[in-house]
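Everything below concerns the one structure shown next.
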Amino acid sequence: NAGVMQNPRHLVRRRGQEARLRCSPMKGHSHVYWYRQLPEEGLKFMVYLQKENIIDESGMPKERFSAEFPKEGPSILRIQQVVRGDSAAYFCASSLAGLGGGTEAFFGQGTRLTVV
Amino acid sequence: QQQVKQSPQSLIVQKGGISIINCAYENTAFDYFPWYQQFPGKGPALLIAIRPDVSEKKEGRFTISFNKSAKQFSLHIMDSQPGDSATYFCAAMGRGSRLTFGEGTQLTVNP
């Protein structure tokens with residue numbers, strides 16, 4: 001049973017381009033979370049999705065950022081018109097059910113986005 | 001009110017020593033407190049977690065101590081080993097499946 005798979009592992013984009021980050025959850029997991037980690041900082045919650053639904057997007061910037069988790073295929077975090085401040089590691093996690101009550105979130109290895 | 005404060009930022013311990021990392025929170029709605037271990041280039045991995053109905057939880061060399069009245073919790077690593085060298089994050093969660101992470105502690109265990 002493969003873990004949470006994120007790709008690409010490293011992504012370089014020029015300012016103004018679009019970045020698309022993909023996350024395939026663990027088999028059987030229908031809950032996906034995206035977190036952002038800036039250098040020397042902890043992880044910051046961005047968005048929580050279930051299949052075809054956004055449950056909590058309170059951590060997403062209001063502009064340029066969007067996320068989806070379609071019925072088929074991976075979850076996608078899309079950043080439009082990237083700026084240097086978007087450079088960070090983006091982690092995806094998945095879980096079998098909502099967290100708590102003994103349910104654990106499993107994290108992928110992250111996508112390191114560099115905006116030049 | 002959503003923050004979790006973690007200290008120290010970095011910690012150096014000799015092999016066999018005890019590593020202690022502390023966290024404090026404000027939001028009394030938090031009811032789940034996990035600790036994550038992260039190695040360079042990897043994602044965080046759950047190490048141990050506690051709920052506020054107990055004051056201590058031990059798993060092998062790792063122990064969480066929880067003080068509900070002080071809104072503080074800490075991770076103790078007994079008999080620290082060089083392989084424990086990593087970044088450790090405390091986190092907290094209330095309802096809604098949203099983890100709030102501390103800033104992280106970079107632990108180095110010298111041989």
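Just so it is clear: chains get the letters A, B, ... in the order the sequence lines come, proteins before strands, and each one is counted from 1. Being a predicted model, the structure only gives us computed values, none of them experimental.
- Side-chain heavy atoms closer than 4.5 Å link hydrophobic residues (I, L, V, M, F, W, Y) into clusters, and following such links, even through other members, never connects B:Ile20 to B:Ile48.
- The candidate from A:Phe106, A:Tyr35, A:Tyr48 with the greatest count of non-hydrogen atom pairs under 4.5 Å with chain B is A:Tyr35.
- Looking at A:Gln6, neither its backbone nor its side chain comes within 4.5 Å of chain B, counting heavy atoms on both sides.
- Although no hydrogens or angles enter the test, the distance criterion places a donor-acceptor pair under 3.5 Å between the side chain of B:Ser97 and the main chain of A:Leu99.
- For B:Phe101 and A:Phe45, the ring centers sit 6.0 Å or farther from each other.
- Heavy-atom contacts from other residues, nucleotides or ligands closer than 6.0 Å to CD of B:Gln106 number 12 or fewer.
- Dense packing is recorded around CE of A:Met60, with more than 12 heavy atoms of other residues, nucleotides or ligands lying under 6.0 Å away.
- No more than 12 heavy atoms of other residues, nucleotides or ligands lie within 6.0 Å of CD in A:Gln81, so this atom counts as exposed by the packing criterion.
- Crowding of A:Arg15 atom CZ: a count of heavy atoms from other residues, nucleotides or ligands under 6.0 Å not exceeding 12.
- Scanning residues 35-46 of chain B against chain A with a 4.5 Å non-hydrogen threshold yields B:Tyr36, B:Gln38, B:Gly41, B:Lys42, B:Gly43, B:Pro44, B:Leu46, sorted by number.
- Surrounding NZ of A:Lys51 are more than 12 heavy atoms belonging to other residues, nucleotides or ligands, all under 6.0 Å away.
- Taking hydrophobic clusters as Ile, Leu, Val, Met, Phe, Trp and Tyr residues chained together by side-chain heavy-atom distances below 4.5 Å, B:Tyr32 shares a cluster with A:Phe107.
- Criterion: ILVMFWY side-chain heavy atoms under 4.5 Å apart, direct or through other members. Under it, B:Phe62 and B:Ile64 are part of a common hydrophobic cluster.
- Atom CZ of A:Arg78 is surrounded by more than 12 heavy atoms from other residues, nucleotides or ligands within 6.0 Å.
- Options A:His31, A:Lys44, A:Glu41 differ in how many heavy-atom pairs under 4.5 Å they form with chain B, and the most are formed by A:Glu41.
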Trace of the side chain to side chain contact (heavy atoms under 4.5 Å, CB included) decision for B:Phe89 with A:Leu43: CA-CA 9 Å; B:Phe89 292 97; A:Leu43 288 82; 4.3 Å; yes
